[in-house]
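In what follows, residues are counted from 1 in the order of the sequence shown. Since the structure is predicted, the reported quantities are computational estimates derived from the model, not experimental observations.
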Amino acid sequence: MTVTEFSLTPLSTSKINAILTFTGFLFMYLLAVVGNLIIVFLICSAPQLHTPMYFFLCNLSSVDIMSVSSTIPKILSITVTKDKTISYYGCITQLYFYIFCTTAEDSILTSMAYDRYVAVCSPLHYSLIMTRKVCFLIVTSCMVLTALNSLMLILLISTLSFCYSHKINHFICESRALTALSSSDITGREIVFFAENICFVVFTFLFILISYARIFSSILAIRSAKGQLKAFSSCSSHIITVLLFYGPIIFIYLKPESKQSDTEEKLLSMLYMAVVPMLNPFVYSLRNKEVLGAVRKFVKKITRNTKKELI
């Protein structure tokens with residue numbers, strides 16, 4: 001039997017909870033999109049932010065916008081219209097972008113860890129190592145590899161048969177929820193999925209941990225407390241984002257399926273799918289003097305131009 005559509009499971013069925021869900025997701029979506037667009041605009045327009053760290057941050061913000069835009073509008077639509085169906089190709093498309101954005105953010109965070117490692121551990125060689133060409137090659141390689149990986153997983157999932165049920169036990173098209181519906185033998189695919197998780201979650205997270213072990217070792221070797229604080233503050237925003245992003249992912253995808261509840265998994269999915277993209281602009285702006293400085297300059301420029309027009 002050819003599948004034409006799936007049915008998603010909303011977070012809540014009661015009217016009051018549905019209103020709260022809609023309001024919460026709309027708030028997170030608007031904050032995520034507007035906040036990350038502001039970050040992208042500031043980095044592109046402010047010359048003082050044309051550095052490797054902000055180049056990676058610009059790409060991270062772009063991926064965050066794509067991530068929330070591929071999932072949250074459908075959640076809002078389901079909440080308002082009560083129509084829980086999603087077409088087969090719509091589901092596969094959403095899943096592709098969901099996998100792509102998650103893996104891309106993972107790769108960019110790893111690249112940012114390397115950037116911080118070079119900045120703290122080899123400050124004299126930083127400008128020679130992290131050139132524009134190197135940064136461009138790193139991001140391009142990450143995106144191409146991520147796109148190919150997402151395509152491979154989508155092809156594996158799209159060839160499954162769905163004969164028993166078309167009701168996805170999730171509020172988005174998610175790989176584990178989709179494979180759970182399949183009537184095909186998924187043993188081989190589960191091995192591939194597990195290996196992919198090891199490569200893109202475990203290895204990258206270990207790389208980040210090793211990078212920060214070296215970074216903290218170098219920071220402790222700095223004699224002045226002021227120098228230590230300055231070096232640590234340059235990494236603090238990235239550390240917060242890494243913890244927020246990797247915590248839920250590791251818990252969901254590496255924990256045995258039988259030991260986690262569906263509600264728990266959905267809430268954790270919401271954390272890195274919507275909450276992290278919403279918080280990233282605040283984490284990188286409120287704790288960063290350079291970004292705040294760029295905001296002040298932009299506001300002063302707008303104010304100055306407005307006064308000239310009034311005069």
| field | Residues clustering with L124 (ILVMFWY side chains joined when closer than 4.5 Å, directly or via others) | value | none

| task | Each residue besides I16 in its hydrophobic cluster should be listed here, by chain and number; the cluster joins Ile, Leu, Val, Met, Phe, Trp and Tyr at side-chain heavy-atom distances under 4.5 Å. | result | L20

| message | Consider side-chain contact (heavy atoms from CB on, under 4.5 Å). Of T102, I75, V68, which one does M273 pass it with? | response | I75

Partner set under ring-ring contact (aromatic ring centres under 6.0 Å, His included) for [X], not counting sequence neighbours:
X	value
F216	Y212
Y114	none
F41	F298

Could you work out, with side-chain hydrogen bond (donor to acceptor under 3.5 Å, both in side chains) as the rule, every residue matching [X], not counting sequence neighbours?
X	result
S107	none
T81	none
T85	D83

Atom pairs and distances, side-chain donor-acceptor, residues 21-30, under 3.5 Å, sequence neighbours left out:
residue : atom : partner : partner atom : Å
T21     : OG1  : N17     : O            : 2.7
T23     : OG1  : I19     : O            : 2.8
Y29     : OH   : S69     : OG           : 3.3

| Do the side chains of K74 and F171 get nearer than 4.5 Å, heavy atoms only? |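 No. Closest side-chain heavy atoms not under 4.5 Å.
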
| query | Quick one: are H166 and S7 in side-chain contact, heavy atoms under 4.5 Å? | reply |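 Answer no - side chains too far apart.
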
| said: Under the disulfide bond (SG atoms under 2.5 Å apart) definition, can you give me all pairs with a residue in residues 164-212, not counting sequence neighbours? | reply: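 Sorted result for residues 164-212: C91-C173.
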
| query | So, does T241 use its side chain to make a donor-acceptor pair with the main chain of S237 at under 3.5 Å? | reply | yes

| request: Could you tell me whether the side chain of Q228 and the main chain of I222 form a donor-acceptor pair under 3.5 Å? | output: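 Side chain of Q228 to backbone of I222: a pair is present.
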
| request: Please list all pairs passing the side-chain hydrogen bond (donor to acceptor under 3.5 Å, both in side chains) test where one or both residues lie in residues 138-158, with sequence neighbours left out. | output: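 For residues 138-158, and leaving out neighbouring residues, the side-chain hydrogen bond (donor to acceptor under 3.5 Å, both in side chains) pairs sorted by first residue read N149-E196.
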
| said: For residues 46-57, which residue pairs pass the side-chain hydrogen bond (donor to acceptor under 3.5 Å, both in side chains) check, not counting sequence neighbours? | reply: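 Checked against side-chain hydrogen bond (donor to acceptor under 3.5 Å, both in side chains) - neighbours excluded - the pairs reaching residues 46-57 are Y54-N288, Y54-E290.
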
| request: Step by step, work out the side chain to side chain contact (heavy atoms under 4.5 Å, CB included) result for L137 and R132. | output: CA-CA 9 Å; L137 285 173; R132 286 188 178 184; over 6 Å; no

| field | Stepwise side chain to side chain contact (heavy atoms under 4.5 Å, CB included) check, Y96 with I154 | value | CA-CA 6 Å; Y96 175 83; I154 284 298; 3.7 Å; yes

| query | Where do S111 and D115 land on the side chain to side chain contact (heavy atoms under 4.5 Å, CB included) test, with the steps shown first? | reply | CA-CA 6 Å; S111 303; D115 172 72; over 6 Å; no

